[in-house]
Amino acid sequence: MDAPFPFGFPTATAFYLTLYVLTLVVHVVFMNYVVAGTAYLAWRSWRGPVAAGGAGDPIAEVLRDWMPFALSAAITAGVAPLLFVQILYQRPFYTANQLLFHRWMAILPVLIVGFYLLYLLKSGYARRCGPLPRGLIALGAAACFLFTGWSWTENHLLSLRESSWPRFYESGRMMHYEAALLPRLGVWMIGSLPTMAMLVGWQLHGLRRRGAAIESPALRRLAWLALVGIAGSATMCVTHDTISEGGLKDALLGPMGRPWAVLLAAGVAMQIVAWAALLRRPESCTVPLSLAAAGVLLSILGMSIAREILRIRALSVDRLFQQHEIAMGVGGWWLFVLLAIVNIGVIAWAMTLVRRGLRTAGDRTPQEFTW
Ligand code: HEM
């Protein structure tokens with residue numbers, strides 16, 4: 001295929017690939033906030049009595065307040081790509097789900113536990129108790145989300161290994177391991193830091209504009225976290241590529257991936273420039289944060305497309321083209337549009353209500369912002 005992704009594919013396939021990748025990007029943005037945010041909360045909980053509660057650390061305070069919302073957003077945003085991935089890769093996707101069996105379904109109870117731990121972390125009880133129990137709650141939540149991320153990676157890798165399915169089934173195993181698993185998971189988990197830093201950066205910026213005292217060290221810390229995340233996920237990418245014998249490099253530098261590789265590189269460069277600028281002058285952050293936001297979106301888009309090219313090369317998608325055509329011929333388009341409009345309207349209304357509530361909240365300090 002010589003055209004850039006997704007143009008070389010039949011219309012139906014290109015349509016579903018585009019929707020899949022775009023909706024996956026939204027899922028990844030929220031998922032990154034949750035993964036990096038809970039890891040940050042776990043880390044900060046152990047650091048002294050003041051920082052432990054998040055009091056004195058506006059980053060921890062904001063994260064703790066918003067985390068249950070962010071988790072529900074990550075889960076809800078996962079539904080759309082879940083629908084599209086099933087249309088796109090039917091057999092491999094379902095087979096991996098079924099082979100992993102209870103192990104795969106375990107993400108549901110684990111996510112429920114994670115949800116409740118986040119509410120517990122936000123409660124007055126957690127504020128009052130010492131760093132050890134508070135740290136354990138945050139660590140428990142972080143472990144739940146790490147487990148969920150690992151499960152998605154494991155499922156994805158198993159879905160690509162068709163030749164190993166019969167042996168896997170015969171052995172009755174419910175876990176799939178291969179050398180690429182850890183670096184691949186590392187790309188996602190460590191790569192979640194820059195997105196979280198950018199989103200929390202905007203949240204702190206908003207609080208500062210409403211009069212809260214946000215000191216420069218908090219913004220500098222975010223910049224350092226983002227830079228560590230970029231360096232760490234780049235290292236994981238190189239490790240993954242070495243293990244997969246240049247697969248990622250080929251996917252990005254081949255005709256399908258080249259334009260997206262340029263955007264990915266631009267996204268990473270924009271982020272580095274933005275965070276370096278913020279480190280130098282944390283008091284003026286609108287421009288650096290805008291640049292970081294654009295960079296984060298380009299980077300996630302580029303990585304998601306590279307990931308898809310790798311999968312397309314590993315599976316023979318040609319045999320699925322006809323099924324994509326059939327799926328596209330099924331009715332319901334106008335019902336979908338109607339429901340999309342209704343839902344966007346409801347979300348916009350909910351956001352207006354929240355904004356109105358925040359406006360009347362006045363200029364409280366971040367510690368008082370417990371929505
Ligand atoms: C906090 C909870 C979650 C975390 C940490 C998480 C993490 C991840 C990660 C790391 C991947 C990429 C896997 C890879 O390419 O190696 C992924 C993919 C995906 N996630 Fe999530 N996820 C979460 C919850 C969910 C939920 C609840 C849904 C569904 C409602 C979902 C839907 C998806 C889909 C559809 C994909 C793409 C799968 C594929 O293309 O094979 N995720 N997730």
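In each ligand, atom 1 is the first atom listed, and ligand 1 is the first ligand listed.
- Given atom 3 (C) of ligand 1, the protein heavy atom at minimum distance is Thr148 CG2, 3.5 Å.
- Counting atoms of ligand 1 from 1 in the listed order, those under 4.0 Å from a heavy atom of Val35 are 5 (C).
- Using a distance-only test at 3.5 Å, with no hydrogens or angles considered, a donor-acceptor pair links the side chain of Trp260 to the main chain of Phe5.
- In this structure, the protein non-hydrogen atom closest to atom 40 (O) of ligand 1 is Tyr20 OH, 2.4 Å.
- Relative to atom 2 (C) of ligand 1, the option among Val187, Leu111, Val34 with the closest non-hydrogen atom is Leu111.
- Scanning all protein heavy atoms for the shortest distance to atom 39 (C) of ligand 1 gives Arg307 NH2, 3.2 Å.
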**Request:** Report the C-alpha separation of Glu170 and Arg167 in whole Å, then their side-chain angles, then the decisive distance to 0.1 Å, and conclude whether the salt bridge (Lys or Arg N to Asp or Glu O under 4.0 Å) test is met.
**Result:** CA-CA 5 Å; Glu170 276 164 25; Arg167 224 169 334 115; over 6 Å; no
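- Distances below 4.0 Å separate heavy atoms of His156 from the following atoms of ligand 1: 39 (C), 41 (O).
- Here the heavy atom of the protein found nearest to atom 14 (C) of ligand 1 is Trp188 NE1, 3.2 Å.
- Although no hydrogens or angles enter the test, the distance criterion places no donor-acceptor pair under 3.5 Å between the side chain of Gln98 and the main chain of Thr95.
- Of all atoms in ligand 1, numbered sequentially from 1 with element shown, those under 4.0 Å from a heavy atom of Leu71 are 1 (C).
- The aromatic rings of Phe321 and His324 sit tilted relative to each other, their planes meeting at an angle between 30° and 60°.
- Counting only heavy atoms of the protein, atom 13 (C) of ligand 1 lies nearest to Thr153 OG1, 3.6 Å.
- Atoms of ligand 1 lying under 4.0 Å from any heavy atom of Phe145, numbered from 1 in the order shown and given with element: 1 (C), 5 (C).
- Residue, atom and distance of the protein heavy atom nearest to atom 43 (N) of ligand 1 are His27 NE2, 3.3 Å.
- Under a cut-off of 6.0 angstrom, the local environment of OH in Tyr116 is sparse, with at most 12 non-hydrogen atoms contributed by other residues, nucleotides or ligands.
- Residue Pro81 approaches ligand 1 through these ligand atoms, each under 4.0 Å from one of its heavy atoms: 35 (C).
- Per-residue contacts place Val85 under 4.0 angstrom from the following atoms of ligand 1 (heavy atoms of the residue considered): 39 (C), 40 (O).
- Protein heavy atom closest to atom 16 (O) of ligand 1, with residue, atom name and distance, is Arg184 NE, 2.7 Å.
- The 12-atom threshold is not exceeded at CD of Gln322, counting heavy atoms of other residues, nucleotides or ligands nearer than 6.0 Å.
- Separation of the Trp333 and Phe336 ring centroids falls under the 6.0 Å cut-off.
- Panel note: side chain Arg134, backbone Leu121; no donor-acceptor pair is recorded below 3.5 Å.
- Within ligand 1, counting atoms from 1 as listed, the ones closer than 4.0 Å to a heavy atom of Leu82 are 29 (C), 35 (C).
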**Message:** The test is side-chain contact (heavy atoms from CB on, under 4.5 Å); show your working for Phe93 and Leu88 and say whether it passes.
**Reply:** CA-CA 9 Å; Phe93 186 74; Leu88 279 165; over 6 Å; no
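- Atoms of ligand 1 lying under 4.0 Å from any heavy atom of Met31, numbered from 1 in the order shown and given with element: 4 (C), 5 (C), 6 (C), 7 (C), 8 (C), 9 (C), 10 (C).
- Ring orientation note: the planes of Tyr119 and Phe115 are close to parallel, at an angle under 30° on the 30°/60° scale.
- Under the salt bridge (Lys or Arg N to Asp or Glu O under 4.0 Å) test applied with Glu154, the options Arg184, Arg161, Arg103 reduce to a single match, Arg103.
- Thr148 pairs in a side chain to side chain contact (heavy atoms under 4.5 Å, CB included) with only one of the listed residues (Val35, Ile107, Val34), which is Ile107.
- For Ile107, no heavy-atom contact with ligand 1 is shorter than 4.0 Å.
- Remark: distances from the non-hydrogen atoms of Arg311 to ligand 1 include one below 4.0 Å.
- At the shortest separation from atom 11 (C) of ligand 1 among protein heavy atoms lies Trp152 CB, 3.8 Å.
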